[in-house]
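Below is one structure, written out as structure tokens, with a few remarks after it.
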Amino acid sequence: RVRAIGEDRVKVIANTVRLGANETQNRLLRKATGDIIVLLNADIALVGEDCLGRLIAPLLLDVTVGIAGARIECLPPRGYFESVLAVGHQFRLAVFERLSPSCDTVYLCNGRARAFSRAFAEKLVWPDQCPEDNYSYFLCQQLGFTFVYAPTSRVCFRLPTTLGDH
């Protein structure tokens with residue numbers, strides 16, 4: 001689908017071997033040439049026509065923003081197990097969105113959909129075997145950049161249907 005877009009600024013970088021999320025994202029950051037780098041997981045769906053525009057807007061408005069994160073929502077559950085997980089996800093999301101007026105919390109910096117400034121991305125290298133979303137949030141803070149939660153940029157994902165998938 002990405003190749004069908006026909007836009008020179010959009011590139012597909014495919015691994016020939018499985019490297020893991022952290023190493024793959026490190027490769028992507030090193031190959032990126034733009035002022036803003038958007039990383040999206042393959043298992044999400046963008047909600048609305050301007051989802052990406054809303055995600056990158058904080059980076060365009062303020063040079064101190066290192067990361068902008070989208071609002072992550074689960075698709076409607078299809079069974080009992082998904083329903084249990086959905087309740088938990090919706091509860092945590094409601095709590096995290098109310099933790100602080102700015103929503104500046106590690107819990108809303110989700111790896112499923114984020115945008116990075118070039119200035120921050122140049123300093124970011126994910127180590128092996130660490131939660132990459134949490135690591136990027138704390139490094140952003142440590143380096144003097146800010147994280148901005150962009151709740152109007154929404155993405156959906158499907159919850160696991162079984163305990164084994166979870």
Side-chain angles (χ1 to χ4, degrees), residues 1-2 15 18-29 36-59 61-62 64-117 120-121 123-143 145-166:
R1 288 185 176 178
V2 172
N15 291 337
R18 191 175 176 97
L19 301 173
N22 292 9
E23 182 58 30
T24 296
Q25 289 181 158
N26 285 332
R27 287 183 64 215
L28 292 171
L29 291 184
I36 297 174
I37 299 105
V38 176
L39 295 180
L40 304 171
N41 281 11
D43 65 347
I44 59 139
L46 305 176
V47 177
E49 286 189 25
D50 196 30
C51 179
L52 294 179
R54 292 169 187 266
L55 179 60
I56 68 169
L59 295 149
L61 297 171
D62 184 349
T64 67
V65 176
I67 307 172
R71 186 174 202 271
I72 310 300
E73 302 171 355
C74 51
L75 291 169
R78 297 174 295 184
Y80 178 74
F81 188 74
E82 279 185 70
S83 296
V84 171
L85 293 178
V87 168
H89 175 80
Q90 291 159 349
F91 174 77
R92 286 187 306 277
L93 183 59
V95 169
F96 301 152
E97 287 181 335
R98 288 175 179 84
L99 278 179
S100 71
S102 68
C103 290
D104 183 1
T105 170
V106 65
Y107 302 111
L108 295 174
C109 183
N110 190 291
R112 287 192 166 99
R114 289 168 298 169
F116 300 88
S117 70
F120 174 62
K123 296 171 175 52
L124 175 60
V125 177
W126 283 287
D128 288 337
Q129 305 301 317
C130 81
E132 50 82 28
D133 42 7
N134 295 352
Y135 181 85
S136 62
Y137 174 85
F138 289 120
L139 184 63
C140 180
Q141 303 289 314
Q142 181 181 14
L143 295 175
F145 292 94
T146 57
F147 165 76
V148 173
Y149 180 57
T152 61
S153 173
R154 298 171 39 233
V155 300
C156 290
F157 73 103
R158 172 69 56 205
L159 287 162
T161 57
T162 67
L163 183 58
D165 289 342
H166 188 52

Ignoring hydrogens and angles, tell me if any N or O in the side chain of Ser153 forms a donor-acceptor pair with the backbone of Cys51 under 3.5 Å. yes
To the nearest 0.5 Å, what is the distance between CZ on Phe145 and OG1 on Thr64? 9.0 Å
First locate atom OH of Tyr135, then atom CD of Gln142, and finally report the distance between them rounded to the nearest 0.5 Å. 7.5 Å
Do Leu99 and Leu108 have side chains that get closer than 4.5 Å, going by heavy atoms? no
Looking at side-chain heavy atoms only, is the closest gap between Val106 and Phe147 below 4.5 Å? no
Looking at side-chain heavy atoms only, is the closest gap between Leu139 and Phe120 below 4.5 Å? yes
Please lay out, stage by stage, how Tyr149 and Asn110 fare under the test side-chain hydrogen bond (donor to acceptor under 3.5 Å, both in side chains). CA-CA 10 Å; Tyr149 180 57; Asn110 190 291; over 6 Å; no
Would you mind reporting whether Val38 and Ile56 have side-chain heavy atoms less than 4.5 Å apart? yes
Sole candidate of Val65, Leu59, Asp104, Leu55 that passes side-chain contact (heavy atoms from CB on, under 4.5 Å) when paired with Val148: Val65
Are Leu40 and Leu52 close enough, and set up right, to give a side-chain contact (heavy atoms from CB on, under 4.5 Å), and what steps lead you there? CA-CA 10 Å; Leu40 304 171; Leu52 294 179; 4.0 Å; yes
Thr24 and Gly20 have their tightest heavy-atom pair at OG1-O, 2.9 Å
Between Cys156 and Leu75, which heavy-atom pair has the shortest distance, and what is it? CB-CD2, 3.6 Å
Does some side-chain heavy atom of Phe81 sit less than 4.5 Å from a side-chain heavy atom of Leu163? yes
Determine the minimum heavy-atom distance between Thr161 and Asp165, stating which atoms define it. OG1-OD2, 3.3 Å
Rounded distance [0.5 Å steps], CD1 in Ile37 versus CG in Leu29: 6.0 Å
Taking the side chain as every heavy atom from C-beta outward, state whether Glu23 and Asn15 have any atom pair closer than 4.5 Å. no
What's the spacing between Asp50 CG and Thr152 OG1 if we round to 0.5 Å? 8.0 Å
Check whether any side-chain N or O of Asn26 sits under 3.5 Å from a backbone N or O of Trp126 as a donor-acceptor pair, and report yes or no. yes
For residues 76-98, which residue pairs qualify under salt bridge (charged side-chain N to carboxylate O under 4.0 Å, His left out), counting only residues two or more places apart or in two chains? Arg71-Glu97, Arg78-Glu82, Glu82-Arg158
Side chains of Leu85 and Cys74, heavy atoms from C-beta outward: is any pair under 4.5 Å? no
Among residues two or more places apart or on two chains, list those pairs meeting salt bridge (charged side-chain N to carboxylate O under 4.0 Å, His left out) that have a residue in residues 126-135. Arg114-Glu132
Check: Gln129 and Asn22 side chains under 4.5 Å, non-hydrogen atoms: no
Taking atom OH as the centre, does Tyr107 end up with more than 12 heavy-atom neighbours from other residues, nucleotides or ligands that are less than 6.0 angstrom away? no
Quick one: OG1 on Thr146 to OH on Tyr137, what's the gap to the nearest 0.5 Å? 9.5 Å
Out of curiosity, Leu124 CG to Leu143 CG, how far, rounded to the nearest 0.5 Å? 9.0 Å
Run the ring pair (Phe, Tyr, Trp, His ring centres under 6.0 Å) test against Phe157 and tell me which residues pass, sequence neighbours left out. His89
